[in-house]
Novice: 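First the structure, then my questions, so here it is.
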Number of protein chains: 2
Amino acid sequence: MAGSTLRDVARRAGVSIRTVSNVVNGSVPVSEELRTRVQAALDELDYRPNLVARNLRRGRSGMIALVVPELDVPYFAELAREVITATRAHGYVVMLDQTDGDGERERELLGRESRATMFDGLLLSPLTISAEELRSRTNRVPVVLLGEHIFNGSFHHVAIDNVAAAREATEHLLGLGRRRVAAIGDQPYSTGETAQLRTIGYRQALERAGLTVDEDLIVPTQRFHRHLGAQAMEHLLALPEPPDAVFCYNDLLAIGAMRAAARAGVRVPEDIAVVGVDGIQEGQYSSPSLTTVAPDKAQIARTAVGTLLAVIDGSAPPPTETKAPHQLLVRESTVGTGGAGS
Amino acid sequence: MAGSTLRDVARRAGVSIRTVSNVVNGSVPVSEELRTRVQAALDELDYRPNLVARNLRRGRSGMIALVVPELDVPYFAELAREVITATRAHGYVVMLDQTDGDGERERELLGRESRATMFDGLLLSPLTISAEELRSRTNRVPVVLLGEHIFNGSFHHVAIDNVAAAREATEHLLGLGRRRVAAIGDQPYSTGETAQLRTIGYRQALERAGLTVDEDLIVPTQRFHRHLGAQAMEHLLALPEPPDAVFCYNDLLAIGAMRAAARAGVRVPEDIAVVGVDGIQEGQYSSPSLTTVAPDKAQIARTAVGTLLAVIDGSAPPPTETKAPHQLLVRESTVGTGGAGS
DNA sequence: CTCAGCTATTGCATCGTTGCAAAAGGCGCA
DNA sequence: TGCGCCTTTTGCAACGATGCAATAGCTGAG
C-alpha cells in the first residue's frame, strides 16, 4: 500500500538490496536463478522505484521544465508540443509550468525556494523579468531562453529575427498596394524587447518604401490577447483617416482585430488587410483565414532543447544567440479568397 | 558553483547543520546572534535548498501533475489555467504533462518506471487507456479523473453531464426551427465514453421532439480536431439532402465545420446553424462567433483539485462522481448577428 | 547552593536509491 | 591439493535534507 522499497523486495526474495537494485537496473550481470526469484518478488510486491530517491542519488532527474507565460496562448501551446517532441528524442521528459506573465511568479520560480532545483534545466520564456534579475537568480540551473531577448550575452537564446519578420509582414502589405498600414502591439515601456523589435521592422519597411510613419497608426497594447486586438482595431477604425491594412504583432491580436472589423461591417481584406505573427492553427481556420509570419516552431524547439542538454552535460559552447527561420504564409486576410487559401 | 549544501553553510557559520536547517525553515527558535551569522553565511554561499533531498525526507513534493492528451487543444489549455489557479490557492504547484492521446505514453506515465512517483497526486484526463488498465496501474499514486468517465467506480471523477449538455445543444437548434440536425464527432468504437454520451443526448433531443434520427446525419470522427470537423462538414454538405443544423461534439470540430461551410459558400447560420461544446475563447472571436455549451472550467478545476488534495491527505470520501455545471452560450453561429453577440 | 524547568543547540538516524570496493563462490591450471 | 583469476553477490557510505531525542546552558525557586 505505502509503496514497497528495494528493502521489502530484498527481504522477500532473500537477497541483498543491492542485488535487487541490480536486477531492476539491469546494468550488472545477475545469475539466472536469482534474477527470476527477484523478478517474482518485484512483481508480487508491485515494486516501483522511488524516483525522488533515485534522483537524489544520481544527481539528475532526467526532466527539464518549460516555463511559459500563458499556456492558453496558442503559440505557447503549440511550441510546447514541439519542445516535448524534441525532448523525448533525447530520452528526457518535459514538465510545463506557467507564470502568467506575472513577474512575481517568475521570480518565485527562480528564487530561493525554487522548484527549479528539481529539474536538470530550464527552457524559459520570460515576460516581465529583466536581465540582471535573471542572471543573479539562475546561477545554478542551466537555462536557455526562448523568444524574449536578454541584452547582455549571458544566456543562450533562441528566437526568430523579429526585425526581419516584421519588415516582411509589412512589406507584404505594401506590396499589395496598401499605403496606410497600421501596427497593433507595440510595447514601448515593456521590459521585453520583442514588441520593440517588431516596431523597428515595421518602420524599416515603411521607410524603405519611401513612406513616412504616421505615429497615430501605431497602437500599443499591454499584452497580446484577442480582446486587445479588437479594441485596437476599433480605435483605428474610428480615426478620421482609417488605415487600409494592419500589421498585428501576433495572431491573437490579428484575430481580435478581424473580429472588430467584422462587427463594424468593415471587410477583410477588401477594406482592410490584416497580417499577424505566430502561425497558430487558429489562423488557418478563421474566416477569413489569417496571413501570418510563422516561426519554425519545430526548429526553435530542437535548437533550444539541443542547446539546453549540451549545457546540462557541460559540453556547451559559450552562450549563443540563435536565429530560427520564419516564413510568411499568405492567406485570405490579405489576398482574399483568390489567394493561396487554406 | 555546484550548489552549496547545509553542510557548507554550517561549516562557514561555525554552527551545526541542524541549526542552519532551523534558520532556513524558521520553525524552531534560533537566537538572534546565530540567526544573523547563519543568514550571512547563507547569503554569501547563495544557498538553495535541494528540493529533491527535502522531498525524499518529507515524503511529499508539494507538486501535482496535470496530465492531458494535447496541450494545443484549447480546451485543455484553458482548463490547465484553471487548475493551476485552483491549485495555487492550496499552496501546491502543478506541472503539466502531455500524452498526445497516445495509449503508449499514457501507460508509460503510469507504468513501472513512472514519473508519477515524483508527484503527490495526478489529475488525469485519459484518452485511450481503459478502466482495468488504469486501476491496475495506479494503485500507488492518488488520482482524480477529468472528463473521461471510467466505468467501475474506483476513481474520483469530475465532468459535466454530457448527455444533458448534448441534449440542450440539440434542443437549442430544434428550438430555432431546424429539422435536419446533424451530429459531428461520434466515436462508437473508442474506449472513451464522452462522445458516446453526447450521441445519446443528441438522440434524446430528437426523439423528444418527435423526430426520427437519420443515421446518415451522424458523422463519426477519429478525434476532435479542426480539420476533421471540416471534412465531416464537407461530407454533410455533399449529401442529397444536407442538414440545416449541426451539433459538433466540441468547438474545434465546429470551427472546422464553419470553415468548410464558408469555403463552400454555405452561410452560417442562415443556411446551416452550428453549435459546439467547450466554450473555448477561440469561439468568441470566430466569424460568426460560435454558439457553444460551456463547461464551468473553473468549477471543474476547483472540484478536481480539492478532491485530489483530500485523497492525498487521506481525508477523502470514497470515490465520487461529480457533475460540474455547464451553460449554453448563444452566439451568432445559431442566431446570427441579431443574437446575444460577442 | 542545588535542582527543577525551560530554551537554544546539537547528533544521530533516516528517507530509498546507487557507486565503490571488498567478499564469496566457482573454476582451471600447476 | 593449492593458488590465482574471474564472476556474482554483498556491505558500507553517500546524496542533502529533516524528525526525534538528548545535551548544554540559563533562569528562578526552594
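Note on naming: letters A, B, ... go to the chains in the order of the sequence lines (proteins, then strands), and numbering restarts at 1 for each one. Not measured: the values here are computed from a predicted model. Scope of the values below: all heavy atoms of this structure, side chains included, with no hydrogens, waters or symmetry mates.
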Novice: Quick check on dT9(C): is either OP1 or OP2 less than 4.0 Å from any side-chain nitrogen or oxygen of S16(B)?
Specialist: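 Answer no for this pair, as no side-chain N or O of S16(B) is under 4.0 Å from OP1 or OP2.
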Novice: Can you tell me the distance, in whole Å, between the CZ atom of R60(A) and the C1' atom of dG16(D)?
Specialist: 18 Å
Novice: Output the rounded distance in Å from CZ (R11(B)) to P (dG16(D)).
Specialist: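 Distance, rounded to whole Å: 12 Å.
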Novice: Between V30(B) and R54(A), name the one whose nearest nucleotide on DNA chain C is closer to the 5' end.
Specialist: V30(B)
Novice: Of all the choices, dT10(C), dT10(D), dA8(C), which nucleotide is nearest to the side chain of N22(A) once you look at every atom?
Specialist: dT10(D)
Novice: So, S27(A) and N25(A): side-chain donor and acceptor under 3.5 Å apart, yes or no?
Specialist: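 On atom types as modelled, these side chains do not qualify, holding no pair under 3.5 Å.
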Novice: Just compare dT18(D), dT17(C), dT18(C) and give me whichever is closest to any side-chain atom of P49(A).
Specialist: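 Selected nucleotide (nearest to the side chain): dT17(C).
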Novice: Give one of base, sugar-phosphate or nothing for S31(B), where a contact means two heavy atoms less than 4.0 Å apart.
Specialist: sugar-phosphate
Novice: Reckon V52(A) touches a base, only the sugar-phosphate, or nothing at all at heavy-atom distances under 4.0 Å?
Specialist: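 Touches nothing.
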Novice: For L6(B) and dG19(D), what is the distance between atoms CG and C1' respectively, to the nearest whole Å?
Specialist: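 These atoms are roughly 14 Å apart.
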Novice: Is a donor on one side and an acceptor on the other found under 3.5 Å between the side chain of T5(B) and the backbone of R7(B)?
Specialist: yes
Novice: If we count only N and O atoms by modelled type, under 3.5 Å, do the side chains of N50(A) and T117(B) hold a donor and an acceptor together?
Specialist: no
Novice: Can you tell me if T36(A) and E32(A) form a side-chain donor-acceptor pair at under 3.5 Å?
Specialist: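 Judged by distance alone, the side chains do not pair up.
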Novice: Over how many whole Å does the gap from N25(A) atom CG to dT9(D) atom P extend?
Specialist: 15 Å
Novice: In whole Å, what is the span from the CZ atom of R35(A) to the C1' atom of dT9(D)?
Specialist: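 After rounding, the gap between these two atoms is 13 Å.
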Novice: What's the CE-P distance between M118(B) and dT17(C), to the nearest Å?
Specialist: 14 Å
Novice: Counting the atoms with a prime plus P, OP1 and OP2 as sugar-phosphate, which does L51(B) contact under 4.0 Å by heavy atoms, base, sugar-phosphate, or nothing?
Specialist: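 No contact at all - L51(B) keeps every heavy atom at 4.0 Å or more from the nucleic acid.
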Novice: Tell me if a side-chain donor or acceptor on N55(A) pairs with a main-chain N or O of V52(A) at a distance below 3.5 Å.
Specialist: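 Between the backbone of V52(A) and the side chain of N55(A) there is no qualifying donor-acceptor contact (under 3.5 Å).
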Novice: Measure from the side-chain N and O atoms of H90(A) to the backbone N and O of G306(A), and report whether any donor-acceptor pair falls under 3.5 Å.
Specialist: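 Judged by distance alone, no pair lies under 3.5 Å.
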Novice: Hey, what do you get for CZ (F224(B)) to OG1 (T194(B)), rounding to the nearest 0.5 Å?
Specialist: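 The OG1 atom of T194(B) is 7.0 Å from CZ of F224(B), to the nearest 0.5 Å.
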Novice: Find the distance N55(A):CG to dC15(D):P and express it as a whole number of Å.
Specialist: 16 Å
Novice: Can you tell me if the side-chain N/O atoms of T19(A) get under 4.0 Å from OP1 or OP2 in dT9(D)?
Specialist: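 So the side chain of T19(A) is outside the cut-off, no N or O lying under 4.0 Å from OP1 or OP2 of dT9(D).
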Novice: Check the interface with nucleotides 12-15 of chain C: list each N/O to N/O pair with the protein under 3.5 Å, or write none.
Specialist:
residue	atom	partner	partner atom	Å
dT14(C)	O2	R57(B)	NH1	2.5

Novice: Ignoring backbone atoms, test whether S21(B) places a side-chain nitrogen or oxygen under 4.0 Å from the OP1 or OP2 oxygen of dT18(D).
Specialist: yes
